[in-house]
Amino acid sequence: MEYQFSTIEKKWQEAWKSKKAYQVSNESSKPKCYVLDMFPYPSGAGLHVGHPLGYIASDIYSRFKRLKGFNVLHPMGYDAFGLPAEQYAIEHGVHPAKSTHGNIDNFRKQLDNIGFSYDWEREVRTCDATYYKWTQWIFLQLFNSYYDRVAQKAMPIAELIAVFEKEGNVHQVCPGDANINFSAADWKGYSEKEQQTILMHYRLAFCGYGEVNWCEALGTVLANDEVINGFSERGGHPVEKKKLRQWYLRITEYADRLLSGLETIQFSDAMKEMQSNWIGKSYGAEIDFAVNGHDASLRVYTTRPDTVFGVDFMVVAPEHALIESITPASHKASVEAYIAYVKSRSERERIAEKKISGCFTGAYVVNPFNQQLIPIWISEYVLAGYGTGAIMAVPCGDDRDFKFAQHFNIPITNIIGDAFDGKEANPTKEAKLTNSDFLNGVIQKDAIAIVNDKIEAMGIGKRKVNYRMRDAAFSRQRYWGEPFPIKWIDGVAYPLSENELPLLLPDVDHYGPGPEGEGPLANIESWKAENYETNTMPGYAGSSWYFLRYMDPSNTTEFCSRKVSDYWGQVDLYIGGTEHAVGHLLYSRMWTKALYDLGYIGFDEPFKKLLNQGMIQGSSRFVYRKRGTHTFVSAGLVGAHEVDQLHVDVNMVDGVELDTAAFKKWKPDYANADFILEDGKYVCGVEVEKMSKSKFNTVNPDDLVQKYGADTFRMYEMFLGPVEQSKPWDTKGIEGVHRFIKKFWRMFFDEMKGKVWVDEAPTTEELKILHKTIKKIEEDTERYSFNTAISAFMICINELYDAGCHKKAILEQVLILITPYAPHFSEELWSAIGNTGLIVDAAYPIFDPQYVLETAKEYPVSINGKVRSNISIALDASEEQVREIVLSNPAVQKWVEDKPVKKLIFVKGKMINIVI
RNA sequence: GCGGAUGUGGCGAAAUUGGCAGACGCACUAGACUUAGGAUCUAGCGCCGCGAGGCGUGUGGGUUCGACCCCCUCCAUCCGCACCA
C-alpha cells in the first residue's frame, strides 16, 4: 500500500464535508476557543504561498484545541469591497460584484486544496447586502452616539440633546470645536439646522472637511503611495491638495482607552509600541504669541515650554489660516510660490524630505516673556493636522530646528550653556537653563511646570494633552463600498431608519468618478433624486467588525445576538500580518469599544491574543539581455556588456540556473534567444522583493499541493521557520518534509511487504520516545512554535525507526499528535489500522512523566567557561558530592593541573563551571 | 525623516529562564542496494590545523564564573507611515 496523497486527500476532504466534521455549534458544554485569521481580500491574482502561512498556523492551532476538548470556532470569509475590483471595472467594464465573486470562487478552490477545518457555513462576504446591512447599522449607531468625556464612554446622542435642553453644553466640551459654548436657552433658540450642525461636532461618526491628494486629470483622490513627486503614479498627471467634504470616525475620543486597553491584551511589545506611537499621546502646552503689528496671535503647541527663551523662529504649516493676513506685500510673492510648491507634495514626501525648504513670511511674533521679535517662517515639515499647525523653533535643543536655522542662517540662542556645542542640537531635559531670565539655573525638566503655571497665570496659554493620531477618514469617493445610510436635506445629514436597511448599492453605467470630486454614485439620477450620500465607506468598514458576524452569521434581526457573543466572547487567537498594525487593528478595537459602550456586546477588546505572521517575500530571478539584441548574458559575465535586467519566471529557474529551453518557449519575444553561458550554465541574478505577479516571483500553492500533497505543503510552510518571521520563499527544502511523511507511512505499510504495523505491547524505551514527543509537541503547539514541533516529529520517527518499532499502540498516538499538521494522512492511517470514527475527533494523548524520568545527567564541565569534559552524575547528588566527583576526574585534573580552584559553579541539571 | 523588526554553517533554521552553539531539514561528498534511480539505506559535513588545539552567532565595546541571549556604539536588510488591502 503506497502513500497516494492525492487520492487520500480527496477522499478525506469529501468525508469531512459529508459528515459536516467542521460545523460548530453555538451551544456546547465544552470550553470555547475562537481562532481567527485575518480574512483575505480576494484579488484576481489568487492565492500565493504567502497567504496560507497564517491560515495553516491557525488551522493547526484550531485542530489542536479541538483534540484537546474545546468547542472551536474557526471561520473564514472575504474582505470583498475594495479598489482593485473597481479599477478592474473601469478598465474592463466588468461589474465589481462579478469579478469579486469569480475571485472568491477561485480563492475557495485554492483554500479547499489545503484541507482547512473552516466552518464554511459561517462564511461572510463584506460586499453582500446581508452583511453590509449591519455595517450600515453599526455606522448608524456611531452616528447616533457621542463620547461622554465624564463617563468615558459612548452614549446615545438623544441623551446629549436632553442635557443640552437642560443646561446647554457647559459640562460637555465640544470635541469638534472647543469654541462652541451655549446655554439651554441658546439651544432651544437654535434652528433645526443650527442644532444639527452642533450635534455633528459631537457625533462619533461625523461629517467635516479634510484635505486629500486630488488628481484633476483622473478626477479622483489618490493615496500617498500613488503620488510621486507631485504626480500621479498612474498616468503621471499633476496632483494637488484639495479640501473635500468627508466622513470621519471620532477615534481620537478613544485614544486613551485604546492606549490603556493594550495592557489587557496579548499583542507583541513591538505591536503595542507601534500602536502607542501611532496614538502618540504627548503632554505639553499651547502658547499664544501675539503677532507684531496685528490684532492676532499665533498659537503653538509645544512639549518643551521650558525652552521658551530659546525660541529663534516660528514655523507654521503652509496651510495655516493666519498666513494670508499677516504676510506683508513684500513677501506675498515668495510665500505664495512656496505654498504652491507644497500643494503638490504628498504628506509622506513632506515628512520624509531630507532637503530643507521653507520661506520667511516677513511677519514676526513677540515673545511674551522678553518682548523679542521672532520671525515667522513656513515650512512643509510642519503639518496643519497636528497640534495647532505651528511650532516654536528652538535650534539649540531640537535637531530639525537646528538644521533649519543653519540652512537659513538664523542666529541661534543658546539656553543650555555647555550642553550645547554649537555643532549639534541637544534635546536633553537635564541641562541647567541659561539666558532664560527667571528660569536661569533651573533644570529643564523642572522648568516645564514653572512655565506652564506662568502662561496659565498670564492667560496666554494652557497645559494641553495632544495626540498624534487624527480622526479616521471614513468616506471614499468610490463605487465599490458600502453606501452611507444617510440623506442630505437642506445641508443636514439625516440617518435612514433601521427598517430602511440595507441601503443597496445601485448599479452604475460606468465606474468613473462623479463631478466635483464626488463618487461614482453622484452620476446616478435616481440616487441624487433621493438625496442619498454619494460617498461610500472605506475598505476597513466591513473588516472592523467581521469577527462578530462569524458568531451569528445568518441572524436577520441583529448584527449578532448578545447571547451568542456572550458565549464566544473575545477572539482567543488572531493571526495576521503586521501591515495591519495601525489600521485595521485600531479601527476594530475602536468599534468593539463603541459597541461595548452601547451595550451590544460584553467585551471591549476584540482580540485576546494576536500572533503576527511574517511576510513571505518573493525571491526574484533576473536575466540580462544585451541591449538591442536577443543575446542573454549569464549573471557572472554581465560586467563586460551593456545589458537590461529583466524579471524571469522563478518557476523556470532551478536555484539560479535557468532552464533555457523553457525560457525560449515562455514568450514569443524570447523564441530565438541566444545565451552566453558560464560553465555551461545560464546563471540568473537574484533579489528579494515583495511577492507579486508582475515580478514573476510568485509560487502557487496549487502546484505544490499537486506535486507533494496538502499535508507535505502544510508541514513545509510551517517547517520554514518561526511563523512570526519574514523570509523569502524557497521551495527547495520541501523534499525533506515529503521524505519524512513517506517514512512515517512506511512505519505502517511497506511497498514490498505491505502491512508492517503490529499489535504488540510497547517497551519502556518506546514509551519514552512517545511521551517525550507528546510533551514536546504539546508545548510547541501551545506556544505556536510549529517549526520545532515538526522537527520533534522527525526526531520521534527517526528514533522509532531505529528502534524498529511498528507497534500500533505507539504509532496511533503519534498519529493523533500529528493530526493538526497532516490531517489527511492521519485520517487515512487511523482508519487503515482499524479505527472507526474520525481522527479529528480523537482524544489527545496524555503525557505521563513516569516514562521520561531520568536519574542521571551528562553534565558538561567547563573550565574558565570552556567545555572540557562531560561527566555523568546522579541528579540527586549534593553540591559537595558533585565537587568531589568533578575535581577527582582525570580529564578535569589535566586541565586544572596544580592551579587553585577559585570557584566552582554548579547549576543543578544544567552545567558545572570551574574557575581557576 | 519617524516608527517597528531582523542579522547564527553553502542554504532554511535550533538553542523555551544567561548555562554543551549549529538540533531538525536542504544541498553536497562517499558507500550500499539496483536493469535503473529524481526511490531507499549507511556514513561524513561550521572555519583553520597532520595533530594537540585554536577560532566562531553582522561590527566595536561593556556587564558576568559564563552572553546568540542583557546594556551601549555602529553597519546592513526588510516592513509600516493615515484613500492598497
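Order of the sequence lines fixes the chain letters, A, B, ..., with proteins taken first and strands second; residue numbering starts at 1 for each chain.
If you check every strand for non-hydrogen atoms under 4.0 Å, A/W745 touches nothing. A/A270 comes within contact range of the sugar-phosphate backbone alone, with a heavy-atom separation under 4.0 Å but no base atom that close. Nucleic acid contact for A/I905: base, since at least one base atom lies under 4.0 Å from a heavy atom of the residue. Residue A/M469 is classed as a base contact, given a heavy-atom separation below 4.0 Å to a base. Counting any heavy atom pair closer than 4.0 Å across all strands shown, A/N277 reaches sugar-phosphate atoms only and no base atom. Here A/E717 lies out of heavy-atom contact (under 4.0 Å) with every strand. Using a 4.0 Å heavy-atom cutoff across all strands shown, A/V221 reaches at least one base atom of the nucleic acid. Among the protein residues, A/R739 comes within range of the sugar-phosphate backbone only, with heavy atoms under 4.0 Å from sugar or phosphate atoms but none that close to a base. When heavy atoms are screened at a 4.0 angstrom cut-off, A/P722 is found touching the sugar-phosphate backbone but no base atom. A/V907 comes within 4.0 angstrom of a nucleotide base, judged by non-hydrogen atoms across all strands.
Look at NZ on A/K743: it is 9 Å from C1' on B/C41, rounded to the nearest Å. If you measure from atom CE of A/M537 to atom C1' of B/A85, you get 18 Å, rounded to the nearest angstrom. Taking atom CE of A/M274 as the reference point, atom P of B/C2 lies 17 Å away to the nearest angstrom. The interatomic distance linking A/M691 (CE) with B/C84 (P) rounds to 23 Å, in whole Å. Per the geometry, CG belonging to A/N787 stands 13 Å off P belonging to B/U16, to the nearest Å. Per the geometry, CD1 belonging to A/I863 stands 13 Å off C1' belonging to B/C65, to the nearest Å. If you take OH of A/Y821 and P of B/G25, they are 16 Å apart, rounded to a whole angstrom. Rounded to whole Å, the distance from CZ on A/F744 to C1' on B/C24 is 16 Å.
For the P atom pair drawn from B/G12 and B/A30, the interatomic distance equals 25 Å after rounding to whole Å. A gap of 44 Å separates the P atoms of B/A27 and B/A82, to the nearest Å. Using atom C1' as the reference point in both B/C26 and B/C70, the two lie 34 Å apart (nearest Å). Spacing of P atoms, B/G19 relative to B/C11, comes out at 26 Å, to the nearest Å. Here, B/C79 and B/C74 have their P atoms 23 Å apart, quoted to the whole Å. B/C47 and B/U35 have their P atoms separated by 37 Å, given to the nearest Å. Taking the P atom of each, B/A52 and B/G4 are spaced 49 Å apart, rounded to whole Å. Only the C1' atoms considered, B/C68 is 8 Å distant from B/A21, to the nearest whole Å.
Residues A/M715 and A/T712 are not in side-chain contact: their nearest non-hydrogen atoms beyond the backbone lie 4.5 Å or more apart. Counting only heavy atoms from C-beta outward, the side chains of A/R589 and A/Y254 never approach each other to under 4.5 Å. Contact check for A/I769 versus A/C796: side-chain heavy atoms found under the 4.5 Å cut-off. A/F404 is listed as a side-chain neighbour of A/S379, based on a closest heavy-atom distance under 4.5 Å. A 4.5 Å side-chain heavy-atom check between A/H738 and A/Y3 finds at least one atom pair inside the cut-off. For the pair A/V737/A/Y708, no side-chain contact is recorded, criterion being any heavy-atom separation below 4.5 Å from C-beta on. Counting only heavy atoms from C-beta outward, the side chains of A/E233 and A/V227 never approach each other to under 4.5 Å.
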*Would you write the dot-bracket representation of RNA chain B, where each base gets (, ), [, ], | or . depending on whether it forms a Watson-Crick or G-U pair under 3.5 Å and with which partner?*
(((((((..(((......[....))).(((((.......))))).(((....)))..(.(((..]....))).))))))))....
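Mapping A/D780 and A/G539 onto RNA chain B by nearest heavy atom places A/D780 at the nucleotide closer to the 5' end. Between A/E273 and A/R470, the residue anchored nearer the 5' end of RNA chain B, judged by the nucleotide with its closest heavy atom, is A/E273.
Counting only heavy atoms from C-beta on, A/R868 has its side chain closest to B/G54 among B/G54, B/G19, B/C20. Closest to the side chain of A/T788, from the set B/G19, B/A82, B/A15, is B/A15. In this structure, the nucleotide among B/A39, B/C83, B/G12 sitting nearest to the side chain of A/R478 is B/C83. When each of B/C84, B/G66, B/C55 is scored by its nearest atom to the side-chain atoms of A/K866, the top-ranked nucleotide is B/C55. Checking B/C20, B/A85, B/A13 against the side-chain heavy atoms of A/L83 singles out B/A85 as nearest. Which of B/G1, B/C26, B/C83 sits closest to the side chain of A/R400 comes down to B/G1. Each of B/C26, B/C41, B/C65 was ranked by its minimum atom distance to the side chain of A/R746; first place goes to B/C41. Set against B/C83, B/C24, B/G19, the side chain of A/F719 has B/C24 as its closest nucleotide. Counting only heavy atoms from C-beta on, A/Y801 has its side chain closest to B/C41 among B/U16, B/C41, B/C83. Residue A/P84 places its side chain closer to B/A85 than to any other of B/A27, B/A85, B/C24.
A salt bridge is defined here as a Lys NZ or Arg NE, NH1 or NH2 lying under 4.0 Å from an Asp or Glu carboxylate O, and A/E533 with A/R245 meets this definition.
In this structure B/G9 sits in the syn conformation; its chi angle is within 90° of 0.
Between A/N612 and A/T578, the side chains place no donor N or O within less than 3.5 Å of an acceptor N or O (distance only, hydrogens not considered).
For B/G66, the OP1/OP2 oxygens have no side-chain nitrogen or oxygen of A/N864 closer than 4.0 Å. For B/A13, one of the phosphate oxygens OP1 or OP2 lies less than 4.0 angstrom from a side-chain nitrogen or oxygen of A/Q725. Phosphate proximity of B/A82 to A/R476: absent, as no side-chain N or O sits under 4.0 Å from OP1 or OP2.
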*Heavy atoms under 4.0 Å is the rule here; annotate nucleotides 67-81 of chain B 5' to 3' with B where the base is hit, S where only the sugar-phosphate is, and - elsewhere.*
-----------S-SB
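Ring geometry for A/F744 versus A/F740: interplanar angle of 30 to 60°, hence tilted.
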_Please evaluate residues A/S785 and A/D780 with respect to the criterion side chain to side chain donor-acceptor pair (under 3.5 Å), reporting the C-alpha separation (whole Å), side-chain torsions for both, the decisive distance (0.1 Å), and the verdict._
CA-CA 5 Å; A/S785 181; A/D780 282 0; 4.7 Å; no
*Trace of the salt bridge (Lys or Arg N to Asp or Glu O under 4.0 Å) decision for A/E779 with A/R783*: CA-CA 6 Å; A/E779 283 172 0; A/R783 71 187 175 102; over 6 Å; no
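Between the side chain of A/Q246 and the base of B/C83, a donor-acceptor pair under 3.5 Å is found. For A/K776 and B/U16, a side-chain-to-base donor-acceptor distance below 3.5 Å is present, hydrogens and geometry of angles not being considered.
The backbone N or O of A/V239 lies less than 3.5 Å from no partner atom in the side chain of A/N213, so there is not a single donor-acceptor pair.
Remark: aromatic rings of A/Y41 and A/W480 are distant, center separation not under 6.0 Å.
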